[in-house]
Chemist: 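Handing you a structure now.
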Amino acid sequence: NTRDLLNQYIWNEPYLPNNLVSIHNYDIEDNISSKLNNLERIDSFTIEMNYEMNSIAYLFLAQDSKDKLIIYHQGHNAVSLNGFDNHSFDQDIPLIQNFLDRNYSVLIFSMPGKGMNNEPIITHEKFGTLKLNSHNHFELIENSDFHPIRFFIEPVVLTLNQIENDYEFKKFSMIGLSGGGWTTLIVSAIDDRIDKSFPVGSMLPLFISLNAPVIPHYESVLLELYEKASYLDLYILSSFGENREQVKIINKFDSCCHGGISYQVFEEEVIQTMEKLNNGKFTIFLDDSHNGHKISDAALQIILKTIEN
């Protein structure tokens with residue numbers, strides 16, 4: 001089926017990997033803990049991948065945590081406020097705190113090369129010495145045996161494997177902004193452990209985005225991937241299943257990209273398809289409350305309402 005084809009493309013196997021993270025640390029020391037309330041502790045996960053690329057995720061465990069975990073994935077604009085080698089999670093303290101206040105624990109990821117994630121220097125047989133400091137460089141290491149799309153997806157899947165192994169969370173919801181919204185779409189399409197998903201300010205289908213003034217990133221226009229499943233297919237895969245739902249949040253007046261009302265040309269088709277399947281739900285929330293590239297208070301209320309249903 002389509003999910004198997006996506007897995008085959010990403011991992012050269014028609015199923016999700018079952019291995020665990022490379023390093024799992026409990027109760028780490030980090031200055032960010034002093035800036036958060038209702039926090040039990042912070043655990044960290046390090047995923048080491050091909051070409052020495054890594055990904056570091058933090059789990060902010062709430063005191064008296066609920067059994068539903070909130071996964072948040074940052075976008076391309078995430079920056080380290082205290083220097084290159086520091087994480088970029090500080091900028092999302094208000095979002096993390098909002099969930100901690102409601103006794104939800106939060107697992108947070110950065111995109112490849114962002115925050116604490118490294119930018120390895122490699123020796124390429126054709127192009128010489130390269131620093132993988134742009135997602136568009138990933139095209140140079142693409143081959144029949146390895147697809148760099150793994151750098152985006154593998155950290156989330158392997159960390160969920162570890163969390164299922166070591167913690168007692170029973171449900172997972174995933175939120176992502178911008179490029180993190182794209183990651184949310186792909187992960188929730190292939191991994192049905194994600195029951196509620198919320199891509200915010202993220203890619204629209206290629207027939208819309210390729211005509212937009214902002215040039216998309218490597219991962220969002222990877223035609224070999226979208227030949228397996230179009231964006232419309234991915235919306236359906238992310239929504240399909242018992243008690244599963246995707247709410248795509250579009251900032252109508254987005255200062256960056258993926259805003260406006262062009263979604264109206266495909267919205268009903270996806271919604272009607274889900275109604276025919278009668279197993280899962282897809283909706284779009286048009287956020288006209290601001291003109292930024294962000295998760296607004298209005299969007300957060302929609303997210304909370306959906307998660308708590």
Side-chain angles (χ1 to χ4, degrees), residues 9-11 17 21-23 25 28 30 32 44-59 71-92 95-96 106-124 126-143 146-160 174-187 199-203 209 214-222 224-225 256-258 293-295:
Y9 177 76
I10 298 168
W11 285 290
V21 304
S22 308
I23 303 170
N25 291 321
I28 66 168
D30 192 293
I32 195 173
S44 70
F45 306 82
T46 301
I47 301 88
E48 296 172 349
M49 298 174 283
N50 298 62
Y51 293 94
E52 300 183 359
M53 183 73 72
N54 76 3
S55 177
I56 299 172
Y58 272 16
L59 173 60
I71 305 163
Y72 176 62
H73 206 296
Q74 297 181 313
H76 291 97
N77 294 331
V79 294
S80 301
L81 303 182
N82 300 307
F84 180 79
D85 292 326
N86 287 277
H87 57 68
S88 50
F89 304 151
D90 277 290
Q91 68 185 52
D92 290 309
L95 182 72
I96 298 168
V106 180
L107 174 66
I108 185 168
F109 292 87
S110 301
M111 298 202 81
K114 298 292 184 180
M116 291 182 288
N117 301 343
N118 68 350
E119 297 177 332
I121 297 173
I122 67 167
T123 301
H124 194 285
K126 290 185 178 180
F127 305 115
T129 302
L130 295 174
K131 185 175 185 179
L132 298 179
N133 61 355
S134 166
H135 294 171
N136 292 330
H137 291 168
F138 294 163
E139 187 175 1
L140 302 176
I141 58 174
E142 179 101 27
N143 60 62
F146 177 73
H147 301 290
I149 204 78
R150 285 176 62 169
F151 295 150
F152 300 85
I153 310 305
E154 191 166 294
V156 183
V157 173
L158 266 56
T159 303
L160 282 186
M174 187 166 179
I175 307 160
L177 173 64
S178 193
W182 173 89
T183 308
T184 297
L185 173 65
I186 302 295
V187 170
V200 184
S202 64
M203 271 288 287
S209 295
V214 176
I215 299 174
H217 293 267
Y218 154 84
E219 65 275 8
S220 56
V221 292
L222 190 57
E224 194 174 355
L225 174 66
C256 164
C257 40
H258 316 311
H293 188 57
K294 65 179 184 178
I295 300 174

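Just the heavy atoms: all of them, side chains too, but no hydrogens, waters or symmetry mates, feed the values below.
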Chemist: For the side chain of Ser178 and the backbone of Gly75, is there at least one donor-acceptor N/O pair under 3.5 Å apart?
Modeler: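 Judged by distance alone, no pair lies under 3.5 Å.
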Chemist: Go through it in stages, so that I can follow the logic: the residues are Glu219 and Phe138, the test is side chain to side chain contact (heavy atoms under 4.5 Å, CB included), and I'd like the CA-CA distance, side-chain angles, deciding distance and then a yes or no.
Modeler: CA-CA 9 Å; Glu219 65 275 8; Phe138 294 163; 5.6 Å; no
Chemist: Main chain of Met111, side chain of Asn117: is a donor-acceptor contact present, judged purely on distance under 3.5 Å?
Modeler: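 Yes.
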Chemist: Between Leu158 and Phe45, is the side chain to side chain contact (heavy atoms under 4.5 Å, CB included) condition met? List the steps.
Modeler: CA-CA 10 Å; Leu158 266 56; Phe45 306 82; over 6 Å; no
Chemist: Would you name the heavy atoms of Gly113 and Glu119 that are closest together and state the gap between them?
Modeler: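 Closest heavy-atom pair between Gly113 and Glu119: O-OE2, 3.4 Å.
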Chemist: For residues Val200 and Lys294, report the shortest heavy-atom separation together with the two atoms involved.
Modeler: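 So the minimum-distance heavy-atom pair works out to CG1-O, 3.7 Å.
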Chemist: Without swapping roles, check the side chain of Asn54 against the backbone of Thr46 for a donor-acceptor pair under 3.5 Å.
Modeler: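 It does not hold such a pair.
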Chemist: Looking at Ile141, is its backbone amide N or carbonyl O close enough to the side chain of His124 to form a donor-acceptor pair, meaning the two atoms are under 3.5 Å apart?
Modeler: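 Flag not set: sc His124 to bb Ile141 has no pair under 3.5 Å.
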Chemist: Give me the atom names and distance for the closest heavy-atom approach of Gly115 to Ser88.
Modeler: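 In terms of heavy atoms, the two residues are closest at CA-OG, 3.7 Å.
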Chemist: Quick check: Phe146 with Phe151 (ring centres under 6.0 Å apart)?
Modeler: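 Yes.
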Chemist: Might you point out which heavy atoms bring Trp182 and Ser202 nearest each other, and give the distance in Å?
Modeler: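 For Trp182 and Ser202, the tightest heavy-atom pair comes out as N-CB, 3.7 Å.
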Chemist: Report yes if some heavy atom in the side chain of Val106 is under 4.5 Å from a heavy atom in the side chain of Phe89; otherwise report no.
Modeler: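 Val106 does not reach Phe89 side chain to side chain.
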Chemist: For the pair Tyr9 and Leu222, evaluate side chain to side chain contact (heavy atoms under 4.5 Å, CB included) and give the outcome as yes or no after the intermediate values.
Modeler: CA-CA 12 Å; Tyr9 177 76; Leu222 190 57; 3.3 Å; yes
Chemist: Of Ser55, Pro112, Pro120, which is the lone residue that meets side chain to side chain contact (heavy atoms under 4.5 Å, CB included) with Met49?
Modeler: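 For Met49, the side chain to side chain contact (heavy atoms under 4.5 Å, CB included) test succeeds with only one of Ser55, Pro112, Pro120, which is Ser55.
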Chemist: Please determine whether side chain to side chain contact (heavy atoms under 4.5 Å, CB included) holds for the pair Gln74 and Lys114, giving the CA-CA distance in whole Å, both sets of side-chain angles, and the decisive distance to 0.1 Å.
Modeler: CA-CA 9 Å; Gln74 297 181 313; Lys114 298 292 184 180; 5.6 Å; no
Chemist: Could you tell me the separation between the NE2 atom of His137 and the NZ atom of Lys131, rounded to the nearest 0.5 Å?
Modeler: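 Reported value, rounded in 0.5 Å steps: 10.5 Å.
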Chemist: What heavy-atom pair brings Gly201 and His258 nearest, and what distance separates the two atoms?
Modeler: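 Looks like O-CD2, 3.4 Å.
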Chemist: Please work out whether the ring planes of Phe109 and His73 are parallel, tilted or perpendicular, with thresholds of 30° and 60°.
Modeler: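 Phe109 vs His73 ring planes: parallel.
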Chemist: Please say whether more than 12 non-hydrogen atoms of neighbouring residues, nucleotides or ligands are located less than 6.0 Å from CD in Glu139.
Modeler: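 Check fails, neighbour count at 12 or below.
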Chemist: Relative to the ring of Phe152, is the ring of His135 parallel (under 30°), tilted (30 to 60°) or perpendicular (over 60°)?
Modeler: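 Rings of His135 and Phe152: perpendicular, as their planes differ by over 60°.
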